[in-house]
Amino acid sequence: EVQLVESGGGLVQAGGSLRLSCTASGVTFDASAIGWFRQAPGKEREGISCISSRDGSTYYADSVKGRFTISSDNAKNTVYLEMNSLKPDDTAVYYCAARPTQSGLGFVWRYPKRYGYWGQGTQVTVSS
């Protein structure tokens with residue numbers, strides 16, 4: 001059984017930082033790509049970052065580039081999302097998702113339908 005468990009969400013003031021974790025089980029981690037998505041109330045789920053655990057390739061949405069950093073610890077089957085300079089607009093439920101990695105990942109990583117497994121989500125709230 002595949003399980004993805006997110007942790008690290010919470011309440012933070014604007015300009016602050018949080019680190020989210022996503023620990024995967026039941027997948028071949030080093031053949032997987034792990035994506036981070038977020039969904040704010042009334043908005044569509046947005047792909048914000050992805051990492052290929054096979055070769056370490058990383059991808060970011062323009063909205064978080066330069067502020068968020070994704071990394072992977074393959075020994076722990078865990079992907080991290082370091083979030084700095086947080087803004088109130090970053091407030092959302094954050095989800096991690098897994099899919100097999102592939103060539104051309106850069107063309108598909110941001111689309112939720114391309115992922116087969118999802119975590120339960122963790123709330124991030126940024127106060128102004």
Engineer: What closest approach, in Å, do Ile70 and Tyr60 show between heavy atoms, and which atom pair accounts for it?
Structural biologist: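 Ile70 and Tyr60 have their closest heavy atoms at N-OH, 2.8 Å.
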
Engineer: Same hydrophobic cluster for Ile48 and Leu18, using side-chain heavy-atom links shorter than 4.5 Å among ILVMFWY?
Structural biologist: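 Linked within one cluster.
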
Engineer: Distance from Leu20 atom CG to Met83 atom CE, nearest 0.5 Å?
Structural biologist: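 CE of Met83 is found 3.5 Å from CG of Leu20.
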
Engineer: Taking all non-hydrogen atoms of both residues, which atom of Ser21 and which atom of Thr78 are closest, and how far apart?
Structural biologist: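 Nearest pair, atom of Ser21 first, then Thr78: CB-CG2, 4.2 Å.
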
Engineer: For the hydrophobic clusters of this structure (ILVMFWY residues joined by side-chain heavy atoms under 4.5 Å, transitively), does one cluster hold both Val64 and Ile34?
Structural biologist: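 Yes, same cluster.
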
Engineer: Taking side chain as C-beta onward, heavy atoms only, is Trp36 less than 4.5 Å from Cys50?
Structural biologist: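 SC-SC contact between Trp36 and Cys50 ruled out.
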
Engineer: Can you find a heavy atom in the side chain of Glu6 that is under 4.5 Å from one in the side chain of Leu4?
Structural biologist: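 In short, these two side chains do not touch, never coming nearer than 4.5 Å.
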
Engineer: Please report the closest heavy-atom contact between Asp73 and Phe29, naming both atoms and the distance.
Structural biologist: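 Looks like O-CE2, 4.2 Å.
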
Engineer: Go through the steps for Val79 and Leu81 under the test side-chain contact (heavy atoms from CB on, under 4.5 Å), then give the verdict.
Structural biologist: CA-CA 7 Å; Val79 169; Leu81 186 69; over 6 Å; no

Engineer: Between Phe37 and Trp118, does the ring centre distance come in under 6.0 Å?
Structural biologist: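 Ring-ring flag for Phe37/Trp118: true, centres closer than 6.0 Å.
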
Engineer: Go through Ser63 and Glu46 one step at a time and tell me if the side-chain contact (heavy atoms from CB on, under 4.5 Å) criterion holds.
Structural biologist: CA-CA 10 Å; Ser63 58; Glu46 173 191 16; 3.1 Å; yes

Engineer: Test your reading of the model: is there a side-chain donor-acceptor pair from Asn74 to the backbone of Ser53, 3.5 Å cut-off?
Structural biologist: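 Yes.
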
Engineer: Ion pair present between Lys65 and Asp62, side-chain N to carboxylate O less than 4.0 angstrom?
Structural biologist: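 So Lys65 pairs with Asp62 through a salt bridge.
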
Engineer: Rounded to the nearest 0.5 Å, what separation is found between the CH2 atom of Trp109 and the OG atom of Ser57?
Structural biologist: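 Rounded to the nearest 0.5 Å, the CH2-OG separation comes to 13.0 Å.
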
Engineer: Tell me whether the count of non-hydrogen atoms from other residues, nucleotides or ligands lying under 6.0 Å of CZ in Arg114 goes above 12.
Structural biologist: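 Atom CZ in Arg114 is not crowded, with 12 or fewer foreign heavy atoms closer than 6.0 Å.
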
Engineer: Which heavy atom of Gly47 sits nearest to which heavy atom of Ala61, and what is that distance?
Structural biologist: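 Minimum heavy-atom separation between Gly47 and Ala61: O-CB, 3.5 Å.
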
Engineer: Backbone N or O of Ile51 within a donor-acceptor pair of the Thr58 side chain at under 3.5 Å?
Structural biologist: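 It does not hold such a pair.
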
